[in-house]
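Along the sequence shown, residues are numbered consecutively beginning with 1. Both backbone and side-chain heavy atoms feed into the values below; hydrogens, waters and symmetry mates do not. For clarity, every value in this text was computed on a predicted model and none was experimentally measured.
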Amino acid sequence: MSAFEWNKIIASVLSAIIVAQIAGILGGMLVRPTELKKPVFAVPIPTTEAAAPAAQKAAPPPIGLLLAKADPKKGEQDAQVCTACHTFNKGEPNKIGPNLWNIVGSPVGEDRGGFDFSSAIEKHKGDKWTPELLNEWITDPQHFAPGTKMTFAGIDNAERRANVIAYLATLNPGGLAAEKKLAAALAAATPKPAPAAAKPAAAKPPAAPSITALLAKADPKKGEQDAQVCTACHTFKKGQPNMVGPNLWNVVGSPIGEDRGGFDFSAAIEKHKGEKWTPERLNEWLTDPQHFASGTKMTFAGFSSAKERADVISFLETLK
């Protein structure tokens, strides 16, 4: 291509650029847009609010007044559930949990025969196992020390907790004398409330659905998840060894207290020999083991939700 042709091409490009610039300048002079005083459409800007603090679980009511009339003998019976993991007499060895001799008034996490306390308990070092602190612990161990190795769900009934603490105090002579004297004085000084007018009888609530009805729509997978709490004491697969509690393979429909790999059942369970673990019986057991077999070594407090119990029983039915 000749130099003349190249000159024509370059001149054309430069002319196009000049024309575009002149057009832009003329357009800006001819058209002058009016700026809006406010946007036609206001985009909402979310305002961040401080997250509301999580609801704090209420501490249990003071135990003092109940200790004034607590029954150590009943407390010793209620504390039988703890014998699966603890010893109580002086000089006895630790088990899954520490020996509890002389526990009332002792420092939290103190050396008890070399027992390896969890970091959750170590955080309370410097405190003492006063009746008030024991009341918080026995109400809900996981709330008192999140992450504790203690699998026991706690005792809901304040009177039973007072009885257990009164029993523990007998393992430390004189450990509860001052608290009882103070509680008795408080009880005497508390004015008695005026008798309330009799209330009309409340309407009888509708009957709860039977376990059979709930099992019809139970979810074994959900039951397997709920039953994870039981793995601290039980195994589920065929041929697995017993732990603190027996292996639960093929338990639905089996005789209560039958030989399960030589497991040593408590006398409370032996009293039910001759019966079978029907879904109805398992429902009673999972609702409140201590009520079903008073004195059982089972430390689990039970499932309060009927739906959860049905799901767990549905899962156990798959273990055949």
Side-chain angles (χ1 to χ4, degrees), residues 76-89 92-100 149-155 164 210-212 214-216 218-320:
E76 185 174 7
Q77 294 172 6
D78 289 333
Q80 287 302 303
V81 69
C82 310
T83 58
C85 298
H86 296 278
T87 54
F88 293 82
N89 294 324
E92 288 184 329
N94 296 317
K95 296 170 76 175
I96 295 174
N99 172 268
L100 297 181
K149 294 183 287 187
M150 176 90 150
T151 60
F152 181 51
I155 299 175
V164 169
S210 69
I211 194 65
T212 304
L214 290 171
L215 280 172
D219 183 351
K221 290 291 184 186
K222 180 64 167 57
E224 185 174 5
Q225 294 173 6
D226 292 337
Q228 287 301 303
V229 69
C230 310
T231 58
C233 298
H234 296 278
T235 54
F236 292 88
K237 294 181 179 178
K238 185 176 182 180
Q240 286 184 321
N242 296 316
M243 294 172 64
V244 177
N247 173 269
L248 297 180
W249 173 262
N250 198 32
V251 71
V252 180
S254 68
I256 297 178
E258 73 171 353
D259 177 47
R260 301 188 76 79
F263 184 79
D264 181 24
F265 288 98
S266 65
I269 292 295
E270 295 287 338
K271 291 176 183 177
H272 287 275
K273 272 200 166 181
E275 300 173 27
K276 287 191 174 184
W277 283 121
T278 61
E280 290 74 20
R281 272 321 214 181
L282 281 167
N283 182 48
E284 292 180 49
W285 168 255
L286 293 174
T287 301
D288 186 346
Q290 281 294 327
H291 181 263
F292 178 87
S294 181
T296 177
K297 294 184 287 186
M298 174 87 153
T299 60
F300 181 52
F303 291 101
S304 58
S305 165
K307 173 70 168 61
E308 282 185 356
R309 295 196 299 273
D311 288 342
V312 170
I313 294 169
S314 178
F315 162 61
L316 293 176
E317 286 181 326
T318 68
L319 307 180
K320 287 189 177 182

Asks: More than 12 non-hydrogen atoms from neighbouring residues, nucleotides or ligands closer than 6.0 Å to NZ on K271, yes or no?
Replies: no

Asks: Heavy atoms only: give me the nearest A293-W285 pair and the separation to one decimal.
Replies: CB-CZ3, 4.2 Å

Asks: Look at the side chain of E92 and the backbone N and O of F88, then say whether any donor-acceptor pair between them is shorter than 3.5 Å.
Replies: yes

Asks: Quick one: does any side-chain atom of S314 pair with a main-chain N or O of A310 as donor and acceptor, under 3.5 Å?
Replies: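 Such a contact is absent between S314 side chain and A310 backbone.
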
Asks: Would you say the side chain of F303 lies within less than 4.5 Å of the side chain of T287, judging by non-hydrogen atoms?
Replies: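 Contact flag for T287/F303 side chains = no.
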
Asks: Under a 3.5 Å distance rule, please check whether H234 uses its side chain to pair with a backbone N or O of P246 as donor and acceptor.
Replies: yes

Asks: Nearest 0.5 Å, please: how far is CD1 in I96 from OG1 in T87?
Replies: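 It is 12.0 Å, given to the nearest 0.5 Å.
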
Asks: Is it the case that the side chain of E308 and the backbone of D226 share a donor-acceptor pair, with hydrogens and angles ignored and the cut-off at 3.5 Å?
Replies: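 A pair under 3.5 Å: no.
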
Asks: Got a second to check how far R309's CZ is from L214's CG, nearest 0.5 Å?
Replies: 8.5 Å

Asks: Calculate, to the nearest 0.5 Å, the distance between atoms CG and CH2 belonging to L316 and W277 respectively.
Replies: 10.5 Å

Asks: In terms of the angle between their ring planes, are F292 and H272 parallel, tilted or perpendicular, with boundaries placed at 30° and 60°?
Replies: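 If you compare the ring of F292 with that of H272, the planes turn out parallel.
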
Asks: One pair to check against side chain to side chain donor-acceptor pair (under 3.5 Å): N283 and E280. What are the steps and the verdict?
Replies: CA-CA 5 Å; N283 182 48; E280 290 74 20; over 6 Å; no

Asks: I'd like to check V81 versus M298 (side-chain heavy atoms, cut-off strictly below 4.5 Å). Are they in contact?
Replies: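 No, their side chains stay 4.5 Å or more apart.
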
Asks: Starting at CD of E275, measure out to CD1 of I256 and round the result to the nearest 0.5 Å.
Replies: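 Answer rounded to 0.5 Å: 4.5 Å.
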
Asks: For a quick test of reading the model, state the closest non-hydrogen atom pair linking M243 to F263 and the distance between them.
Replies: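 Heavy-atom minimum between the residues: O-CE1, 4.0 Å.
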
Asks: Nearest 0.5 angstrom please: N250 CG to E317 CD, how far?
Replies: 11.5 Å

Asks: Show your reasoning for whether side chain to side chain contact (heavy atoms under 4.5 Å, CB included) applies to L282 and V252.
Replies: CA-CA 8 Å; L282 281 167; V252 180; 3.8 Å; yes

Asks: Can you list everything that forms a salt bridge (Lys or Arg N to Asp or Glu O under 4.0 Å) with K307? Sequence neighbours excluded, please.
Replies: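 Salt bridge (Lys or Arg N to Asp or Glu O under 4.0 Å) list for K307, sorted by chain: D311.
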
Asks: Between the side chain of E284 and the main-chain N/O of R281, is any donor-acceptor distance below 3.5 Å?
Replies: no

Asks: So, E258 and R260, do they make that salt bridge, N to O below 4.0 Å?
Replies: yes

Asks: Do you know which two heavy atoms are closest between Q240 and T235, and how far apart they sit?
Replies: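 Answer, listing the atom of Q240 first, then T235: OE1-CB, 3.3 Å.
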
Asks: Roughly how far apart are Q80 CD and T296 OG1, rounded to 0.5 Å?
Replies: 11.0 Å

Asks: Has the side chain of T318 got a donor or acceptor atom that lies under 3.5 Å from a matching backbone atom of F315?
Replies: yes

Asks: Is the closest side-chain heavy-atom distance between I313 and L286 below 4.5 Å?
Replies: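 In short, these two side chains touch, coming nearer than 4.5 Å.
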
Asks: Are F152 and F300 close enough that their ring centres sit under 6.0 Å apart?
Replies: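 No - the distance between ring centres of F152 and F300 does not fall below the 6.0 Å cut-off.
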
Asks: Is the side chain of N242 donor-acceptor paired with the backbone N or O of N247 at a distance under 3.5 Å, no angle test?
Replies: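 The answer is yes, because a donor-acceptor pair under 3.5 Å joins these two groups.
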
Asks: Should H86 and P98 count as side-chain neighbours, where that means a heavy-atom distance under 4.5 Å?
Replies: yes

